[in-house]
Number of protein chains: 2
Amino acid sequence: MTAIKLKEIALRHFAENGYEGASLADIANEIGIKKPSIYAHYASKMELFAAITEDEKVCYCSLWEEALISSESLPTDQRLSALFSIVSGYFAGDRVKMAFWVRLWMFPPQEEAESILQSLKKMNAPYINQLAAIISQGIEQKIFRPCPPLEVAHAFFCLLDGYLMRAICYQGFDYKQSLPHIWSTFLLGIKL
Amino acid sequence: MTAIKLKEIALRHFAENGYEGASLADIANEIGIKKPSIYAHYASKMELFAAITEDEKVCYCSLWEEALISSESLPTDQRLSALFSIVSGYFAGDRVKMAFWVRLWMFPPQEEAESILQSLKKMNAPYINQLAAIISQGIEQKIFRPCPPLEVAHAFFCLLDGYLMRAICYQGFDYKQSLPHIWSTFLLGIKL
DNA sequence: GTCTATAACAAGATAGAC
DNA sequence: GTCTATCTTGTTATAGAC
């Protein structure tokens, strides 16, 4: 019970304040326990962070796997749209997750920055490649313009990351409204 | 002399470690002075940060103003490309500036987060509007598809932010190579 | 402007009692 | 598992000498 609450609340603190900025005392306080009690669950702040990161990675990977399966039967262009919609919606619907992930990618904890980034890239590589494969397929089917598929896959992620970034900065602004325009522009750009 | 060095070195520390993560002792140490000497120049860590932020804002605004003037005589589509190239190049050529700006927008110092974000939006609004005006012009000239200009301006910034984000994460990767593909996809998407 | 010295405080971490 | 109490370190900040 406390263990679940701990991860949930710590996730929010890491997301809002970053690894270095999050205070174990504040986290414990919000749970209703004292700071030393956290050490009954994890040997260090970093181990707590690592456990949460692992959970989030599993969750993110499940999302991609399911999205790839559920969109399999769609026409190539619609499949690409569906994937973008699912992944962007995953983050748009959860500001905490979104902030946690952006911080994880861009400013990981200094002491483990190298290994964290490496593991994230390893995690993401299959999805970039599968995206490139889908684009390749679209080119063969004469739905998309001839182009380097991997570059377009990077452009896909570029757009996704830009959306997340602006959704965090312009919190009041409803980016769900802009998203369709942003996406349709991209799709028109690659379509034949 | 020390004053210039102070801002220069502090900028790098803020960029690499964030406001909360940067240590005045480390900054002083790198300059070759002692920590308390910083307080001869600024009354607090936040005032030092504010002075640097102000400098960077001036620098960024000059870039936009100059870019808008120097591109004025170009055809609308080429002008848009030039603007994207100038602004993305500004950050791509200086990782420190890039990291500082991303942190400033996404995770500003907590104590002043509200007012900083507000001033950044105020700073950026004219450029979004001028971009929308240029796109409007392109639509009138039948160079671009009919579309809501402001939404496309947002898409422009979305792409720019996404590029910056990925350039920070994938440091080894040469995104200068991908950038032309990313941009040309966007341009094809809005062109008639 | 810069220094030494020090105050005041918050953080992560640990020991030992219950 | 949880607590109180304590240790260590690192931070902002200030006072006062040069």
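Only this structure's heavy atoms are used, side chains among them; waters, hydrogens and symmetry mates stay out. So you know, we letter chains A, B, ... as the sequences are listed, proteins then strands, and number each from 1.
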Check the distance between C:dC9's P and B:K45's NZ and give it to me in whole angstrom.
18 Å

Here the distance between atom P of C:dT2 and atom CG of B:L6, to the nearest Å, is 9 Å

Send over the distance from A:Y39 OH to C:dG12 P, rounded to a whole Å.
7 Å

Any idea how B:Y170 and A:H154 line up, ring-wise: parallel (<30°), tilted (30 to 60°), or perpendicular (>60°)?
perpendicular

Rounded to whole Å, please give me the gap between CG in B:L24 and P in C:dT2.
15 Å

If only side-chain N and O atoms of B:S23 are considered, is one of them under 4.0 Å from the OP1 or OP2 phosphate oxygen of D:dG10?
no

B:R166 (side chain) donor-acceptor with A:G162 (main chain) under 3.5 angstrom:
no

What's the closest nucleotide to the A:P36 side chain, out of C:dA15, C:dC3, C:dG12?
C:dA15

Looking at A:S44, does any N or O in its side chain come under 4.0 Å of the phosphate oxygens OP1/OP2 on C:dT14?
no

A:E111 CD - D:dG10 P separation (whole Å)
13 Å

Map B:K35 and B:G32 onto DNA chain C by nearest heavy atom, then report which one ends up closer to the 5' terminus.
B:G32

Contact under 4.0 Å: B:S37 side-chain N or O vs C:dG1 OP1/OP2:
no

Given side chains that start at C-beta, do those of A:W105 and A:D161 come closer than 4.5 Å, heavy atoms only?
no

Closer than 3.5 angstrom, by distance alone: can the side chain of B:T53 be matched with the main-chain N or O of B:F49 as a donor-acceptor pair?
yes

Measure from NZ on B:K34 to P on C:dT6 and round the result to the nearest Å.
15 Å

What is the distance, to the nearest angstrom, from the CG atom on B:N17 to the C1' atom on D:dG10?
14 Å

Would you say the side-chain atoms of A:Y19 pair up with the backbone N or O of A:Q110, donor to acceptor, closer than 3.5 Å?
no

Measure from CD1 on B:I38 to P on C:dC3 and round the result to the nearest Å.
10 Å

How would you label the contact of B:A22 with the nucleic acid (heavy atoms, under 4.0 Å): base, sugar-phosphate, or nothing?
sugar-phosphate

Looking only at the side chain of B:H41 (C-beta and beyond, no hydrogens), which of the listed nucleotides C:dA13, C:dT2, D:dT2 gets closest?
C:dT2

